[in-house]
Amino acid sequence: MSEAKRALITGITGQDGSYLAEFLIGKGYEVHGIIRRASSFNTGRIDHIYLDPHIKGGSLKLHYGDLTDTNVLSKLLEEIRPHEIYNLGAQSHVRVSFDMPIYTAETVAMGALKLLEAARDFSQRSGIDVRYYQASSSEQYGKVVETPQTETTPFYPRSPYACAKVMAHWATVNYRESYGMHASCGILFNHESPRRGETFVTRKITRAVGRIKMGLQKKVFLGNLDSKRDWGFAGDYVKMMWMMLQQDTADDYVIATGRTITVREFADMAFKHAGLNFEDHVEFDPRYLRPAEVDLLLGDPAKAKEKLGWEPETSVEELAAMMVDADVELAAREKTLKDAGHAMPEFVGHDQ
């Protein structure tokens, strides 16, 4: 009987990391995740994996570490001896990257470079052909020079986050071409889910829908309602990450739906799903505008479809409904606690 494949996921406590961990465990992988030490637990998105009887066939183990710590990364690779590495870890909030540009660059750009170098060194010493996945971003296209965007569209980043992602992307390509590493980049367009952080615009909207529906708040304040995005379901996209590392040859792929809508349109469909009129509850707030806006992102997933047979399974309407249903249920639990006299924290979100 052959040994189980071992996968290392950075950013395992995030939205993508949690879906990817579920997916790989379901395929019998031994999954390892890097988490940062904190004074409170931040593993809420993956705690259910230890209890869910439907997620079986593999295992999950967490390790303390940080993408900024080269020494720890090298030690973890020696300990885990992974066959596949998925680099999903980052300071991933675009608006926040304007407030924390240096930290963003250190985690996103230098973190990827440190992990690539650790993987190259480990692969040479161990003889294990480590395969590496880099989470690239549609934000790299920024002020787009062509629509739709493909794997060959030039990057024009418009935020510290996007600039850092561009470096991480090209570092991955450079290690592939310079050292023969099986290193691939997935250029992911916006992908959401009920596990999306509450400071991201789609989740901020659906979270507000749930609370408004339950009478816990009246308004939600958003920034640029005319920004257009290509939104898909994160659970669909993590399958593509895995598919990329199963190919004989490493390459880069756009992961997208091929359809774009505005923030306004997403808000409208989310409120309508709950029987509400978004115009009664959504207000513009200039505080949530970025110093440099990205107006339109639309991906062309033709290469992924042609070479890998991948297509998104969830429409944006289904995605909005899924997120609203989950957040209405969450708000209903909050209301029950409030009605029982328990103090509830005030919900405050940041846009985009």
Side-chain angles (χ1 to χ4, degrees), residues 5-27 29-34 58 60 63 65 67 73 76-77 80-90 92 107-123 128-140 151 164-189 191 232 234-256 299 301 303-304 307-310 312:
K5 276 191 174 182
R6 294 180 297 277
L8 173 63
I9 304 174
T10 71
I12 194 170
T13 59
Q15 168 189 254
D16 294 6
S18 66
Y19 281 112
L20 180 61
E22 288 177 352
F23 179 79
L24 294 178
I25 289 171
K27 287 193 168 293
Y29 276 66
E30 179 184 306
V31 175
H32 296 259
I34 297 178
L60 174 64
H63 308 261
L67 281 169
L73 292 177
L76 285 176
L77 294 188
I80 298 166
R81 302 179 68 80
H83 301 98
E84 298 173 2
I85 297 173
Y86 296 85
N87 184 28
L88 313 183
S92 60
T107 56
V108 176
M110 292 306 298
L113 184 60
K114 291 173 182 178
L115 187 56
L116 280 163
E117 181 61 16
R120 181 180 76 89
D121 182 60
F122 167 73
S123 190
I128 297 176
D129 181 23
V130 179
R131 298 190 172 197
Y132 178 94
Y133 171 83
Q134 172 60 35
S136 292
S137 169
S138 60
E139 288 288 333
Q140 294 166 202
E151 291 80 5
K165 278 291 187 181
V166 169
M167 176 181 166
H169 178 97
W170 284 118
T172 303
V173 173
N174 181 252
Y175 270 66
R176 179 171 73 220
E177 295 178 349
S178 299
Y179 306 116
M181 286 181 63
H182 194 294
S184 299
C185 298
I187 308 173
L188 275 67
F189 280 66
H191 47 292
D236 293 343
Y237 285 27
V238 298
K239 298 176 185 178
M240 180 64 171
M241 300 176 187
W242 173 80
M243 292 171 71
M244 290 168 63
L245 296 199
Q246 310 317 304
Q247 304 307 304
D248 292 336
T249 303
D251 206 345
D252 307 320
Y253 297 87
V254 163
I255 309 179
K303 181 179 176 180
K307 292 196 172 184
L308 304 181
W310 179 87

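Values below: all heavy atoms of this structure, side chains included; hydrogens, waters and symmetry mates excluded.
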NZ/NE/NH1/NH2 to OD/OE distance under 4.0 Å, Asp251 and Lys303:
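Yes, this pair counts.
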Answer yes or no: is there an ion pair linking Lys114 with Glu117, defined by an N-O contact shorter than 4.0 Å?
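Judged by the 4.0 Å cut-off on N to carboxylate O distance, Lys114 and Glu117 do not form a salt bridge.
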Main chain of Ala250, side chain of Ser184: is a donor-acceptor contact present, judged purely on distance under 3.5 Å?
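No, the answer is negative, given that no donor and acceptor are paired below the 3.5 Å cut-off.
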If you round to the nearest 0.5 Å, how far is CG of Leu188 from OG of Ser136?
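Those atoms lie 8.5 Å apart.
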All N/O donor-acceptor pairs, side-chain side in residues 5-15, below 3.5 Å, sequence neighbours left out:
| unit_1 | atom_1 | unit_2 | atom_2 | d |
| --- | --- | --- | --- | --- |
| Lys5 | NZ | Glu84 | OE2 | 3.4 |
| Lys5 | NZ | Gln246 | OE1 | 3.1 |
| Arg6 | NE | Ile80 | O | 3.0 |
| Arg6 | NE | Arg81 | O | 2.7 |
| Arg6 | NH1 | Glu3 | OE1 | 2.9 |
| Arg6 | NH2 | Arg81 | O | 2.8 |
| Thr10 | OG1 | Asn87 | OD1 | 2.7 |
| Thr10 | OG1 | Leu88 | N | 2.9 |
| Thr10 | OG1 | Gly89 | N | 2.9 |
| Gln15 | OE1 | Ser193 | N | 3.1 |
| Gln15 | OE1 | Ser193 | OG | 2.8 |
| Gln15 | NE2 | His191 | O | 3.1 |

Is [Y] close to [X] at the side-chain level, that is, under 4.5 Å between some pair of heavy atoms?
X: His83; Y: Arg131; value: no
X: Asp252; Y: Arg176; value: yes
X: Val130; Y: Ser123; value: yes
X: Leu115; Y: Ile85; value: yes
X: Phe189; Y: Val254; value: yes
X: Arg120; Y: Met181; value: yes

Suppose the criterion is salt bridge (Lys or Arg N to Asp or Glu O under 4.0 Å): which pairs have a residue in residues 10-20, not counting sequence neighbours?
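Qualifying pairs, neighbours excluded: none.
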Evaluate side-chain contact (heavy atoms from CB on, under 4.5 Å) for Lys165 paired with Glu139, printing each intermediate quantity in order.
CA-CA 8 Å; Lys165 278 291 187 181; Glu139 288 288 333; over 6 Å; no
Looking only at heavy atoms, what is the nearest atom pair of [X] and [Y], with distance?
X: Ala109; Y: Ala168; value: CA-CB, 4.4 Å
X: Thr249; Y: His182; value: C-NE2, 3.9 Å
X: Ala90; Y: Val108; value: CB-CG2, 3.6 Å
X: Trp310; Y: Asp236; value: NE1-O, 3.4 Å

Test side-chain contact (heavy atoms from CB on, under 4.5 Å) on Ile187 and His169 and set out the steps.
CA-CA 9 Å; Ile187 308 173; His169 178 97; 4.0 Å; yes
Which residues share a side chain to side chain contact (heavy atoms under 4.5 Å, CB included) with Thr172, sequence neighbours left out
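Thr172 satisfies side chain to side chain contact (heavy atoms under 4.5 Å, CB included) with Leu116, Tyr132, Gln134, Ala183, Cys185 only.
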The criterion is side chain to side chain contact (heavy atoms under 4.5 Å, CB included); which residues satisfy it with Glu177, sequence neighbours excluded?
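Side chain to side chain contact (heavy atoms under 4.5 Å, CB included) check on Glu177 returns Val173.
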Please table the atom pairs, donor to acceptor, closer than 3.5 Å between any side-chain atom in residues 237-245 and protein atoms at least two apart or in another chain.
| unit_1 | atom_1 | unit_2 | atom_2 | d |
| --- | --- | --- | --- | --- |
| Lys239 | NZ | Glu313 | OE2 | 3.3 |
| Trp242 | NE1 | Tyr29 | OH | 3.0 |

Just do the side-chain contact (heavy atoms from CB on, under 4.5 Å) check on Met110 and Met167 with the steps written out, would you?
CA-CA 8 Å; Met110 292 306 298; Met167 176 181 166; 3.8 Å; yes
Could you tell me which residues satisfy side chain to side chain donor-acceptor pair (under 3.5 Å) with Ser178, sequence neighbours excluded, listed by chain and number?
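In terms of side chain to side chain donor-acceptor pair (under 3.5 Å), with neighbours along the sequence ignored, Ser178 is linked to Asn174.
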